[in-house]
Protein chains: 2
Amino acid sequence: MEAARKPRNATREENLAVILHHAEKIFAEFGFKGATMQAIADAAGLPKANLHYYFPTKLALYREVIERIFTIWLEAADSFDTSATPEEALSRYIRKKMEISRAHPCGSKVWANEVIQGAPIIQDYLQTTLNEWTDTRIKVINRWIAEEKIDTVDPRHLLYMIWATTQHYADFQHQIVTLNSGNPLSDSQWENATDSVTGVILRGIGLKP
Amino acid sequence: MEAARKPRNATREENLAVILHHAEKIFAEFGFKGATMQAIADAAGLPKANLHYYFPTKLALYREVIERIFTIWLEAADSFDTSATPEEALSRYIRKKMEISRAHPCGSKVWANEVIQGAPIIQDYLQTTLNEWTDTRIKVINRWIAEEKIDTVDPRHLLYMIWATTQHYADFQHQIVTLNSGNPLSDSQWENATDSVTGVILRGIGLKP
DNA sequence: CCTCATCCTGACCATTTGGTCAAAGGAATT
DNA sequence: AATTCCTTTGACCAAATGGTCAGGATGAGG
C-alpha cells in the first residue's frame, strides 16, 4: 500500500517483506489480540522498536497484512469470469482458490479469524468490494440458470459452498493434517482434494466435470 | 465435567451456566489469548474474583467451554448412522449440523479458532475421538460406493465438504449477515440454505435429494 | 441464636503489553 | 570531513492482565 521512497535502498523493501511475512504467521496463530509485537519481532529477527519504525501501531501492521490477503483473494476472483462456460469458470475458480489455500494458509486464517471476530477491521471491505463482487457473480450464475446451462440453485449459497470448502483446507489445515496421520497433504492428495471438491460441486448443479 | 456437590443450592448450577454461556461468547469473539477474565466477568455480571472461585484458571474455563462444544458435535454425529439409506443419513446429518450452526454459532467459532491456532488444547480429541469417528464414517461411505448406492467419491473429502459448508454458516456468520444487507438469516433463509447445501452435495454424489 | 461450610468480593501484586524516545549508527551527497 | 537523511535500538513507561487472598456474607441444621 505504501510506496517505497528510496528504491535504491532495498533494505526497506526487505524488512517490510520480512515483517509482513512473519506478522501474517503470528496473527494467524494467535488472532489480533493474541499476537504480540514482541513475538512478531522475535520471529522476524528484529528488535521490537524496529517494528514500530515501519508500522506505527500493531493495528497498522495488522491492517496491512489483511489488505494483502484481500488483494490475493480478489485476483482469484478474476479467474471466475474470464471463462466461457460454467464448467470452466467454476472449476478454474475452485482450483485457484484451492491453490491459494495451499500457498497462503496463514493469510486465509487471518481472514477467518477476523471474520469470526465480527470483522472489526475489514467491515468496509465486506460491505463494498466483496458485496459488489458477490452481486455480479450472482447475476452470472442466474444467467446460467436462465439459459439452462446449470440446474436451479441459489447462487448465493453456491458461492458460500465454494468459499467454505476451499478455505476449509487452509483454515482447518491442522485438523486435516491430524486426520491424515499427522502428515501434510502431498501433491497428489491436494490434486485429489481439488478434484473431489470440484466434482461434487459441479455434479451438484448438473454439470459434468 | 465437574459434578455439582450441592444440588440443593441451585445457585452454583446457575452461575456455572451463566459463566460458561458468556465465556463462550467472549472466547468466540477474541480467541483464547484475546479474551480476558474481566470481559467474561463483566458479560456475566459477576466480579472477576468470582470466576476464579468456580474456575481456578482461564485455561480451565476455556477447556470446559471446548468440551461442551465437542459434546454437542458428537451428538450431531449420532444422527448420521441411525439411518437406513445414504439419502436419509446424509441429509439428516447436514440438517442437524446446520441447526447446530444456527443454535450454537459461538461454540462453532471457538472450535474454529482453536483449530486455526493449531488446536493446542484439543489435540488429543482430534487424534482419538474425531479420528475414530471419521474412520467409521469413511467405511460406511465406502460401503455405499461398493453397493453402488452413491457415485464414487473420496469419503474423506465428502466429509470435509459437509463440515466446511455447515460450519461456515456459524463461523462466517458475520460475513453472511453483512452480505444479507446486515440482517440475520430468517427462518426461511435458513431453510433455503439447508436445502441448497443438501441439494448440491446429494446430487454431487449421484443421489436425488 | 450459634456453628459451619459454602459462597462472594474488594484490594492487591507480579508480569506482560503496546508504544515512546533519545541517542547512536550508517551511507550517500556535498 | 561535514552534512543530511534514513535507520536502528536499548531503556523506559503507563495500562492491562491473570491470579491471589483475607475477610465478609449467606444460609441450612442444630
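Here is how names work: the chains are called A, B, and so on, in the same order as the sequence lines, proteins then strands, and each is numbered from 1. Because the structure is a prediction, the values reported are computed rather than measured. Just the heavy atoms: all of them, side chains too, but no hydrogens, waters or symmetry mates, feed the values below.
- Among D/dG19, C/dG19, C/dT17, the nucleotide with an atom closest to any side-chain atom of A/Thr57 is C/dG19.
- Here A/Phe55 lies out of heavy-atom contact (under 4.0 Å) with every strand.
- Comparing D/dT8, C/dC7, C/dT20 by their nearest atom to the side chain of A/Tyr53 picks out D/dT8.
- At least one side-chain nitrogen or oxygen of A/Arg12 sits closer than 4.0 Å to the OP1 or OP2 atom of D/dT7.
- Counting distance only, with no hydrogens placed and no angle test, the side-chain atoms of A/Lys48 and the base atoms of C/dG18 include a donor-acceptor pair under 3.5 Å.
- The distance between atom CE of A/Met37 and atom P of D/dC13, rounded to the nearest whole Å, is 21 Å.
- Atom CD in A/Glu14 sits roughly 15 Å away from atom C1' in D/dT8 (whole-Å rounding).
- The shortest distance between the side-chain N/O atoms of A/Asn15 and the OP1/OP2 oxygens of D/dT8 is below 4.0 Å.
- Using a 4.0 Å heavy-atom distance criterion, A/Ala39 is classed as making no nucleic acid contact.
- By the 4.0 Å N-to-carboxylate-O rule, B/Asp187 lies close enough to B/Arg102 to be salt-bridged with it.
- Straight-line distance from the CG atom of A/Asn50 to the C1' atom of D/dA11: 16 Å, rounded to whole Å.
- When each of B/Tyr62, B/Trp73, B/Phe27 is tested with B/Trp111 by the rule ring pair (Phe, Tyr, Trp, His ring centres under 6.0 Å), just one qualifies, namely B/Trp73.
- The pair A/Glu88-A/Arg95 does not count as a salt bridge, with every side-chain nitrogen at least 4.0 angstrom from each carboxylate oxygen.
- Comparing B/Tyr54 and A/Leu59 along DNA chain C, the residue whose closest nucleotide (by nearest heavy atom) sits nearer the 5' end is B/Tyr54.
- Rounded to whole Å, the distance from CD on A/Gln38 to P on C/dT15 is 17 Å.
- When each of C/dC7, C/dT20, D/dG18 is scored by its nearest atom to the side-chain atoms of A/His52, the top-ranked nucleotide is C/dT20.
- Residue A/Lys33 contributes atom NZ, which lies 16 Å from atom P of D/dA15 at whole-angstrom precision.
- For the pair B/Lys58 NZ and D/dT17 P, the interatomic distance rounds to 9 Å; values are reported in whole Å.
- Residue B/Ala49 has its side chain nearest to C/dG10 when only C/dC21, D/dG18, C/dG10 are considered.
- A donor-acceptor distance shorter than 3.5 angstrom exists from the side chain of A/His22 to the backbone of A/Val18, with no hydrogens or angles considered.
- Taking atom CG of A/Leu61 as the reference point, atom C1' of C/dG19 lies 14 Å away to the nearest angstrom.
- Counting only distance, with no hydrogens or angles, the side chain of A/Thr166 and the backbone of A/Trp163 share a donor-acceptor pair below 3.5 Å.
- The CD1 atom of A/Ile26 sits 12 Å away from the P atom of C/dG18 (whole-angstrom rounding).
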